[in-house]
Colleague: 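Okay, handing you the structure first.
Any value given below was found using the heavy atoms of this structure, including those in side chains, with hydrogens, waters and symmetry copies removed. If you read the sequence from its start, that first residue is 1, and numbering goes on from there. Note that ligands are numbered from 1 as they come in the structure, with each ligand's atoms numbered from 1 the same way.
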Amino acid sequence: MNDLISIRFDDIDPASPLIIAGPCSAETPEQVLTTARQLACKGIKIFRAGIWKPRTKPGGFEGLGAPALPWLKRVKEETGMYTATEVANRRHVREAVEAGIDMLWVGARTSANPFAMQEIADTLAEVASPDMPILVKNPVNADIELWVGALQRLYNAGFRRLGAIHRGFTVYGSHLYRNEPQWNIPVELRLRLPNLPIICDPSHIGGMRELVGPISQQALDMGFDGLIIETHCDPDHAWSDARQQVTPEVLSCILDTLVIRDARQATESLATLRRQIDTLDNELLDILSRRMEISREIGRYKKEHSMPVVQSNRFNDIIRSRVAMGSQMGMSAEFLHDVLLAIHDESVRQQIEILNDNKPLTPEPEK
Ligand code: PEP
Ligand code: MN
């Protein structure tokens, strides 16, 4: 996919981040038009609104479907903004293209489904101009192959104005983020497909409006090409995703305070890479501390069952399998051995602390 073409429209500044904003869902003509007018006043050029809403469970607001499409047409006529909506099947594609929508995106539940992706790609090839810009959100599960595969289906159907949207990944349980960013995945996508623009969706990653600004800054720091931010004229009363939507006024403040880095500068791209390293190091520390917590849990089990802390078979198996796996990932066996041994030593130390009722192994000297 080396011959991708920009997803930007001609009158959009190629040097600044591409900003797409608008409500999670189109609810009423008034809500759509009011939000769009306010966004246009703030200089936003691309308006998003969900017409068909994939809801996890039945009973939520599922979007108004085709009857809401003319509202987007009005947004375009009245404000001059480009319009974007989500498509998930053949009928959506036909209706959205027929209604003159300028840009389409495929949602996270759909990009995880190769049958749906193929149906969308085939229908687009039939009814849309090859100039149509199409964005693909990451699949809900953290599978980069599925994400790349979804993009490839559109590429194979003749589309070159493609982009990716990073909206985070589902993990079980409650966490700070609604969808875990796992930044290493979009970073890997960038390395694999350097010409593919990547847009961050801080609204769906964070799940709450307070996180929209910080996540947006992090994305720009990491060299993302733009942001898609859910914006509503009355967020607290939104029919879907109320917690994460901001007003056009707040959006404008967020955008004004973002530090935009010029990735084209050599020093700046170095800084971008360093920030990626910082993020990965933080993730590494987080993973290590979670691993240690599990070790301590095992320590408590061993204590209860009077088992020895070190079980050499298990240790040898761990080292052998991990060294083999890591070697396949391009790291030296010696390095892997040292790292795994150090991790194992620290796990043992923590388990022995548990056996000693949390007394540190080397007590502090008395003062
Ligand atoms: C959306 O953009 O409103 C949406 C449904 O997003 P996602 O597919 O990321 O859940
Ligand atoms: Mn939403």
Colleague: Do me a favour and list the nearest non-hydrogen protein atom to atom 9 (O) of ligand 1 with residue, atom name and distance?
Modeller: Arg167 NE, 2.6 Å
Colleague: Sequence neighbours left out, what passes side chain to side chain contact (heavy atoms under 4.5 Å, CB included) with Asn89? Give chain and number order.
Modeller: Arg91, His92, Glu119
Colleague: Under 3.5 Å, side-chain donor or acceptor atoms of residues 49-74 against the rest of the protein: list the pairs with distances, not counting sequence neighbours.
Modeller:
from: Lys53; atom 1: NZ; to: Cys24; atom 2: O; distance (Å): 3.1
from: Arg55; atom 1: NH1; to: Phe61; atom 2: O; distance (Å): 3.0
from: Arg74; atom 1: NH2; to: Glu78; atom 2: OE2; distance (Å): 3.1

Colleague: Closer than 2.8 Å to the Mn ion (ligand 2): how many protein N, O or S atoms are there?
Modeller: 4
Colleague: Name the closest protein heavy atom to atom 6 (O) of ligand 1, giving the residue it belongs to and the distance to 0.1 Å.
Modeller: Lys137 NZ, 2.9 Å
Colleague: Pull out every atom of ligand 1 sitting under 4.0 Å from any heavy atom of Trp105, numbered as shown with elements.
Modeller: 2 (O)
Colleague: For Gln244 and Arg209, which I'm curious about, is there any donor-acceptor pair between the side chains at under 3.5 Å?
Modeller: no
Colleague: More than 12 foreign heavy atoms under 6.0 Å from CZ of Phe9: is that the case here?
Modeller: yes
Colleague: Can you list the other members of the hydrophobic cluster that holds Leu336, where links are side-chain heavy atoms under 4.5 angstrom apart?
Modeller: Leu288, Met292, Phe315, Ile319, Val323, Met329, Met331, Phe335, Val339, Leu340, Leu341, Ile343
Colleague: Using distance alone, with no hydrogens and no angle criterion, decide if Ser6 and Arg161 have a side-chain donor and acceptor under 3.5 Å apart.
Modeller: no
Colleague: Among side-chain atoms of His166 and Gln182, is any donor-acceptor pair under 3.5 angstrom?
Modeller: no
Colleague: Considering non-hydrogen atoms of the protein only, which is the closest contact for atom 4 (C) of ligand 1, and what is the distance?
Modeller: His204 NE2, 3.6 Å
Colleague: Counting non-hydrogen protein atoms only, what is the nearest one to atom 3 (O) of ligand 1? Give residue, atom name and distance.
Modeller: Lys53 NZ, 2.8 Å
Colleague: How about Asp13 and Ser16: does a side-chain donor come under 3.5 Å of a side-chain acceptor?
Modeller: yes
Colleague: Checking a contact table here: which protein heavy atom is nearest atom 5 (C) of ligand 1, and how many Å away?
Modeller: Glu86 OE1, 3.5 Å
Colleague: Looking at ligand 1, does Cys24 have a heavy atom less than 4.0 Å from it?
Modeller: yes
Colleague: Counting only heavy atoms from other residues, nucleotides and ligands, does the tally under 6.0 Å from CD of Glu293 exceed 12?
Modeller: yes
Colleague: Any side-chain donor paired with an acceptor under 3.5 Å for Glu188 and Asn184?
Modeller: no
Colleague: Kindly confirm or rule out an N or O of Asp241 lying under 3.5 angstrom from an N or O of ligand 1.
Modeller: no
Colleague: Side chains of Asp317 and Arg320: closer than 4.5 Å at any heavy-atom pair?
Modeller: yes
Colleague: Numbering the atoms of ligand 1 from 1, which are under 4.0 Å from a heavy atom of Gly107?
Modeller: 8 (O)
Colleague: So, regarding Arg109 and ligand 1 (criterion: nitrogen or oxygen to nitrogen or oxygen, under 3.5 Å), is there a contact or not?
Modeller: yes
Colleague: Measure from the side-chain N and O atoms of Arg160 to the backbone N and O of Tyr155, and report whether any donor-acceptor pair falls under 3.5 Å.
Modeller: yes
Colleague: Tell me the protein heavy atom at minimum distance from atom 8 (O) of ligand 1, and give that distance in Å.
Modeller: Ala108 N, 2.9 Å
Colleague: What atoms of ligand 1 come within less than 4.0 Å of a heavy atom belonging to Arg48?
Modeller: 1 (C), 2 (O), 3 (O)
